Each structure stands twice: as structure tokens, then as C-alpha cells.
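In what follows, a single structure is set out as C-alpha cells and then discussed.
Since this is a predicted model, take the numbers as computed values, not measurements. So that the names make sense, note that chain A is the first sequence line, chain B the second, and so on, each numbered from 1.
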2 protein chains.
Amino acid sequence: MPRIDTADDELLSIRAAELYYDEDKTQDEVGAILGLTRWKVGRLLAAARENGYIRIEIVHPRARKLALERQLRERHGLTDAVVVPVAGARSESELRERVAQGAADYLAALRPVPRMLGISWGRTLHDVATLLGEQWAVGVDVVQVNGGVSVNQRAGTAAATAVEIARKASGEATLLPSPAILERVETKTSIENDRTVAAVLDEAAAAAAYLFSAGPATHSSAHIQSGYLTTGEMDELVRRGAVGDVWGRYINAEGMIVDPALDQRTLGLGLTSLQHASTAILVVSGESKHAVTRAIVRNGLCTALVTDEATALDLLTDTFGDDPDDKDNND
Amino acid sequence: MPRIDTADDELLSIRAAELYYDEDKTQDEVGAILGLTRWKVGRLLAAARENGYIRIEIVHPRARKLALERQLRERHGLTDAVVVPVAGARSESELRERVAQGAADYLAALRPVPRMLGISWGRTLHDVATLLGEQWAVGVDVVQVNGGVSVNQRAGTAAATAVEIARKASGEATLLPSPAILERVETKTSIENDRTVAAVLDEAAAAAAYLFSAGPATHSSAHIQSGYLTTGEMDELVRRGAVGDVWGRYINAEGMIVDPALDQRTLGLGLTSLQHASTAILVVSGESKHAVTRAIVRNGLCTALVTDEATALDLLTDTFGDDPDDKDNND
DNA sequence: GCCCTATTTGCTCATATGAGCACTCAGGGG
DNA sequence: CCCCTGAGTGCTCATATGAGCAAATAGGGC
């Protein structure tokens with residue numbers, strides 16, 4: 001192969017990088033090949049890295065994007081963030097599993113270990129329950145914070161999620177025996193005031209930590225599939241600015257309840273519990289949930305976030321949501 | 001951020017890699033964070049690399065794929081190969097320019113410098129001419145090896161290519177004043193025997209090196225655009241096994257002339273000149289030319305290849321084209 | 001033409017890293 | 001029950017690398 005002897009340092013730095021990184025040569029050897037001293041080679045390589053020509057990627061489903069995590073913590077005031085890569089994920093569900101795995105790892109490593117964990121339900125949380133290791137903790141009790149699915153074939157999933165998380169931590173699961181959304185406010189109020197239900201809600205309100213996901217305001221919402229909402233009602237919610245739901249409560253981009261009447265018929269803890277929680281872990285993945293994630297994170301409805309790279313980037317790229325005089329975002 | 005303390009070494013190696021490669025920590029620091037000795041960290045990183053979890057990529061339009069180049073040389077007996085990355089190329093023409101740049105760099109670095117360079121014509125070679133630096137060599141004469149385009153608005157491109165390459169090397173350009181394909185054999189023979197034309201062909205046959213591209217056997221061929229062939233004739237060539245043309249001569253996958261009668265009407269050097277050349281540099285890019293490239297490379301019609309990553313991979317992935325008892329192809 | 005300055009180059013030295021080796025320890029067979 | 005084996009661990013030492021500094025060099029103003 002003919003030697004390349006260009007005066008151009010940039011090109012030379014690429015040639016050096018090829019030999020150093022791709023061919024595993026030492027800087028000395030690279031120097032011998034290109035006719036340079038080994039110090040010059042070192043400087044060329046430094047320049048190549050400086051210019052961003054060298055990309056090092058960790059390809060593993062359980063890899064994390066620490067730089068994005070740091071930016072999320074700094075720019076959105078989060079206590080913790082876990083960001084998993086999208087590269088190589090072939091489907092939405094594969095991505096969801098990666099995120100769920102990240103959440104399971106995070107939960108198992110969470111200190112102090114919460115005595116009581118409040119959880120919602122959904123496919124994401126169900127995955128988290130499945131992926132949690134046996135004995136991920138010892139003596140963690142679990143309580144549901146909102147009404148469960150009970151109308152269609154997915155009935156039981158909500159309960160199973162809570163039970164499995166508790167079982168794997170040798171703790172007790174407390175279920176909330178109620179629909180998610182009632183047809184009439186009166187029904188909701190009377191259930192809420194029922195002694196057993198009220199006791200569960202009291203327990204939930206006292207939880208040391210919350211683990212929850214969010215739903216999109218689209219026709220694929222679990223609330224529509226479960227029959228709690230019609231597609232028409234969903235369209236109306238969207239028209240009024242809804243971006244998604246948290247604990248069954250539909251919010252707009254400002255994190256405010258979109259439809260107070262509907263919210264009155266929704267059973268479970270209110271969002272103020274989330275706002276005041278010392279540990280509120282949001283687990284969310286997929287493009288359809290970018291908007292609702294933004295609403296949650298930007299309005300302080302979570303203290304920790306477990307998500308995918310694309311969602312993290314979405315949170316970081318929009319400018320108008322941050323303080324204009326915020327810190328610079330280059331790491 | 002909570003510490004992760006898994007027994008699983010694989011996961012641990014990913015955590016270590018994140019801190020070492022993404023966060024620029026030393027192995028010592030990584031060890032302190034993960035609660036490991038620095039030797040353990042070194043071993044975990046080695047394992048991560050071993051397992052292919054660390055991908056290092058050089059992102060630059062002029063970067064080269066040395067590993068692929070080596071495999072091409074070894075498996076196809078080439079003297080030289082230049083492979084440029086496709087990553088980041090947004091169009092066929094951008095890719096063609098990258099390859100042309102690679103060819104220009106290669107040509108400028110070629111030793112010994114050929115006294116006489118035989119060239120064909122086409123968009124790719126025109127790009128090479130444009131991208132060659134002024135004074136890329138001194139005293140290199142250029143000669144056309146096959147009849148030029150002269151029918152449509154691209155008239156003059158072929159001549160311009162030769163002239164520019166020669167000018168930038170302070171050499172003379174010798175043009176072949178003739179159409180590429182004649183209607184009747186008799187016309188072709190008489191032109192060929194014309195004193196001036198014969199002299200050019202003699203010069204071309206004596207060239208120290210050839211620089212050429214190839215065309216696909218499709219309706220987008222330059223021969224159709226220039227009016228030398230009709231789409232019907234092309235379809236017939238394809239039916240008879242044509243994969244593309246070299247110097248205006250259509251060949252099949254075995255590198256044989258598809259239509260001897262047509263070939264008789266094609267003016268310029270024959271492919272035997274290419275076969276016996278000590279330096280024959282093929283410059284080719286794009287998916288439409290994979291088949292013809294394969295035919296050329298597998299049948300010894302070039303000694304050096306300048307191409308893109310995708311074409312190189314195409315040449316390397318088909319199994320039945322190589323000696324079954326060839327060397328192993330892991331690098 | 002000369003000198004002054006800014007940049008580049010070659011070096012010394014401290015540090016980071018990988019190879020190789022001795023040691024430990026768990027588990028299984030005699 | 002004890003020894004034996006083999007994986008895994010911690011270490012020593014040689015090598016590779018980056019920081020910092022002095023010498024050289026280029027370029028520009030006077």
C-alpha cells in the first residue's frame with residue numbers, strides 16, 4: 001500500500017487513528033509507518049479525538065448513556081437518571097424491556113431501601129416486575145396507588161405486577177380493589193370512602209417511594225383498551241391539550257389536569273402525592289410517550305427517570321422548556 | 001447514583017467500560033467507583049473488548065476501512081485496495097465523491113509514478129480528476145483507452161477528464177477521437193486502422209497503469225444516455241447474462257464478453273490489455289455496480305480496487321466465489 | 001534584512017496500562 | 001478427610017502514553 005504523505009494534518013490524524021484504533025498498533029509503530037515521531041502521532045490522535053472523529057460506543061443492551069444521564073440530572077434537577085441505548089433495538093417492545101431492565105437494576109440498587117413502595121400498573125411495570133431478580137431486596141412491601149385494569153383479558157396483570165415485585169422482595173402486596181375510572185363521581189366517592197379502600201389509599205400515601213410509568217394520549221392507551229375511555233373521549237382530551245396520563249390522570253404539557261370532572265371520577269392517589277414524594281421513579285420508553293414524559297419531568301412530577309436514549313434526547317433538545325440562563329449543556 | 005453490585009461479570013464489564021471509555025476515568029478510578037481492584041477492571045475491560053462490546057469507529061469522510069482492505073487483498077489477490085466508509089453519506093453522489101477522493105489520494109501516492117496512465121471516462125473518473133490536487137505528480141502523460149461520449153450534452157466530459165488529470169501532473173493528454181460503439185463493424189475497423197487512431201491505441205496499450213471505472217447493465221447506463229445503446233439492446237444483453245461494462249465492453253459474471261458481435265463494434269483497448277496490466281486500478285461505487293465489480297475482481301481484471309464499504313462487503317460475503325480451501329477470513 | 005513572537009517539534013519524566021507469575025480458595029475425587 | 005486441580009485474584013515489572021517544558025522554526029512587522 002502506498003504511503004500517504006499529505007501536508008494536511010487532519011487527514012494525517014485520520015490515517016494515524018486507523019492504524020492506532022483499527023489496527024491496534026502502538027503510537028510508535030504508527031509513527032514508523034507514517035514517517036512521524038511518536039509524539040507527533042500522539043498529538044494527531046489527540047486532535048482526532050478533540051475533533052470528534054473517534055467514536056467509541058458500548059454496544060450492549062444493558063449499556064447506559066452516562067453523559068445523557070448527567071445532563072438530565074443537571075438540566076432537570078433529577079436525583080437520578082438511567083438512560084439505555086436504542087442502538088440495536090429492533091422493536092418497541094425490545095426497547096421497553098431494556099428500559100424495564102434498567103429500572104429493575106436501578107430499583108435493586110436503590111438506597112435507602114424503601115420500606116413501602118407505591119406502584120401503578122402497565123406493560124412497562126409488568127416487565128420491571130418480571131425482570132427484577134429474586135431477592136432484589138428484603139422486606140419491601142408494595143402498595144397499588146391507583147385503580148387497576150379489570151375489564152378485559154389483561155385483568156389480573158395489575159395485581160400480578162404488585163404481587164411479583166413484593167414476592168421477590170419477601171414483602172407483602174396491598175392491592176387497590178377498584179376500577180381505575182368510575183362512571184359517576186358519587187360512585188367514586190363512596191368507594192374511596194369505603195373503609196378497606198381508604199386504608200389502602202392511606203398506606204399508598206405514606207409510601208417511601210413510588211415507581212410508575214405514564215401513558216400516551218392516543219387511541220392505543222390502556223384506558224381505551226380496558227374500556228374506561230372511548231376513542232371519542234380521548235379525542236376530546238387531546239383537543240383540550242392532554243399529552244398523556246399519570247396514575248390514570250390526564251395532564252397537559254404544563255402538568256395540569258386537563259379535565260377536572262374526569263379527574264374527579266379517577267380513583268387513586270392524586271398527583272400532589274407525586275409532587276411531594278421524596279422518591280418518585282418514572283419508567284418510560286418509546287416515542288409515543290415523549291410528550292407526556294416532557295410534561296412530567298419539566299413539572300417536577302418525578303425525582304428519578306429511567307428511559308431510553310431517544311426520549312432522553314427529546315428532553316434535552318427542546319430549548320424553550322429550560323431556564324434560558326441555565327448552565328451550558330456541553331459535558 | 002446508586003452503586004451497582006452485581007455478581008455478573010459481564011454486566012460489570014459494561015459498567016466499567018462506561019466509566020473508562022465514556023467518562024474518561026482511569027482504571028484505578030473505575031475500580032474505586034465499582035469497588036474493584038484496578039487489575040480486575042483491566043481484565044473486565046479486556047473481556048468487554050474480547051466480546052465485541054466496545055466499538056471504535058473513525059467518523060470522517062476520508063477514513064478508510066483497513067480491515068476490509070486487507071481482506072480484499074488477501075482473498076482476491078489484489079495488490080492494493082482502498083475502502084471508504086458509507087456511514088454518514090447521504091446520497092449516491094456523496095459516496096461516489098468519497099470513493100473518487102480515495103482514488104485521487106491513492107493515485108497521488110502510487111509508486112512508481114507511471115509515466116503513462118491509461119484512463120476511461122465516466123462520472124466517477126471525472127470526480128477523480130476534479131479532486132486530484134494540483135501537482136499530484138510531475139510528468140505523467142494521460143491517454144484515453146476507449147471511445148468517448150460525443151453524442152449528448154455530456155460531450156467533452158471524457159476529454160476534460162483526461163486533460164485535467166494530465167494538466168495537474170504537468171503532462172500531456174492524448175485523446176481517442178472516436179465514438180465508443182460504432183454501428184457497423186466495417187466502420188469500426190476502418191477508424192481503428194486510421195493512422196492517428198492506431199497511434200493512440202498503441203500508446204494506450206503501452207501505458208504503465210490503467211485507471212478505470214465500470215458501468216452497470218441497467219437503463220441508467222451512460223451508453224443508453226449517450227445513445228450508443230437502446231434500452232431494448234440493454235435488456236437483451238442482460239438476458240444473455242451481462243452484469244455491466246468495462247471500457248464499453250459488456251461482460252457476464254464470469255468476466256466473458258457477452259455479445260461478441262457488439263464487442264467487435266466497440267472501439268478501444270480490449271480486456272486482455274487489462275488482464276495483462278501490471279497496474280489496473282478500478283474505481284467504483286454504489287450498489288448498482290456490485291455485480292459488475294464482482295465480475296471484474298473475481299476474474300482478475302484489476303490489480304487494485306478503490307470502492308465503498310458496501311461494495312467491499314458484497315465482494316467478501318458471497319462464499320461461492322472463493323476457493324473453498326482459501327485462508328480463513330477472520331482478521 | 002533582521003528581530004520578535006507564535007507555533008510547532010522533540011524531549012524528559014510521571015503516570016497508566018498490560019503481560020506474566022505466584023498465590024488463594026472452592027470443589028471434587030480418592 | 002485430605003489432597004489436587006483449576007479458576008480467579010493480587011502483585012511485580014516492562015511498556016505505552018500523556019503532561020509539561022525547552023529548543024527550533026516559521027511568519028510578519030519594521
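- Using a cutoff of 4.0 Å between basic side-chain nitrogens and carboxylate oxygens, A/R96 and A/E92 are not scored as salt-bridged.
- Per the geometry, OH belonging to B/Y21 stands 16 Å off P belonging to C/dA16, to the nearest Å.
- Proximity of B/Y20 to the phosphate of C/dA16: no side-chain N or O atom is located under 4.0 Å from OP1 or OP2.
- The side chain to side chain contact (heavy atoms under 4.5 Å, CB included) test with B/I33 is passed by exactly one of B/K25, B/E23, B/R15: B/K25.
- Between the side chain of B/R43 and the base of D/dG10, at least one donor-acceptor pair of N or O atoms lies under 3.5 Å.
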- Query: What's the verdict on side chain to side chain donor-acceptor pair (under 3.5 Å) for B/H126 and B/T161, showing C-alpha distance, side-chain angles and the deciding distance?
  - Reply: CA-CA 5 Å; B/H126 188 252; B/T161 302; 4.6 Å; no

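- Heavy-atom minimum distance, A/T79 versus A/R73: O-CD, 3.4 Å.
- One atom, NZ of B/K25, and another, C1' of D/dG18, lie 18 Å apart when rounded to the nearest Å.
- With B/K40 contributing its side chain and B/G31 its backbone, the two residues share no donor-acceptor pair below 3.5 Å.
- Checked by atom type, the side-chain pair B/D308/B/T311 shows a donor-acceptor distance below 3.5 Å.
- Salt bridge B/E134/B/R167: present, at least one basic N to carboxylate O contact under 4.0 Å.
- Annotation: the span from A/I58 atom CD1 to A/K65 atom NZ amounts to 7.5 Å, rounded to 0.5 Å.
- Under a 4.0 Å N-O distance rule, the pair B/D105/B/R62 qualifies as a salt bridge.
- Taking a cutoff of 4.0 Å between a charged side-chain nitrogen and a carboxylate oxygen, A/R70 and B/D22 do not qualify as a salt bridge.
- Straight-line distance from the CG atom of A/L36 to the P atom of D/dT17: 15 Å, rounded to whole Å.
- Rounded to an integer number of Å, the gap from CG of B/D28 to C1' of C/dG18 is 14 Å.
- Phosphate contact (OP1/OP2 of D/dG18, side-chain N/O of A/Q27, threshold under 4.0 Å): present.
- Residues A/E10 and A/Y53 bring a donor and an acceptor atom of their side chains to less than 3.5 Å of each other.
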Please list each protein N or O that sits under 3.5 Å from an N or O in nucleotides 5-8 of chain C, with the distance.
none

Please write out each protein N/O paired with an N/O of nucleotides 12-14 of chain C under 3.5 Å, distance rounded to 0.1 Å.
residue: C/dT12; atom: O4; partner: A/W39; partner atom: NE1; Å: 3.3

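- For residues 44-58 of chain B, proximity to DNA chain D is found at no residue, defined as any non-hydrogen atom under 4.0 angstrom from a strand atom.
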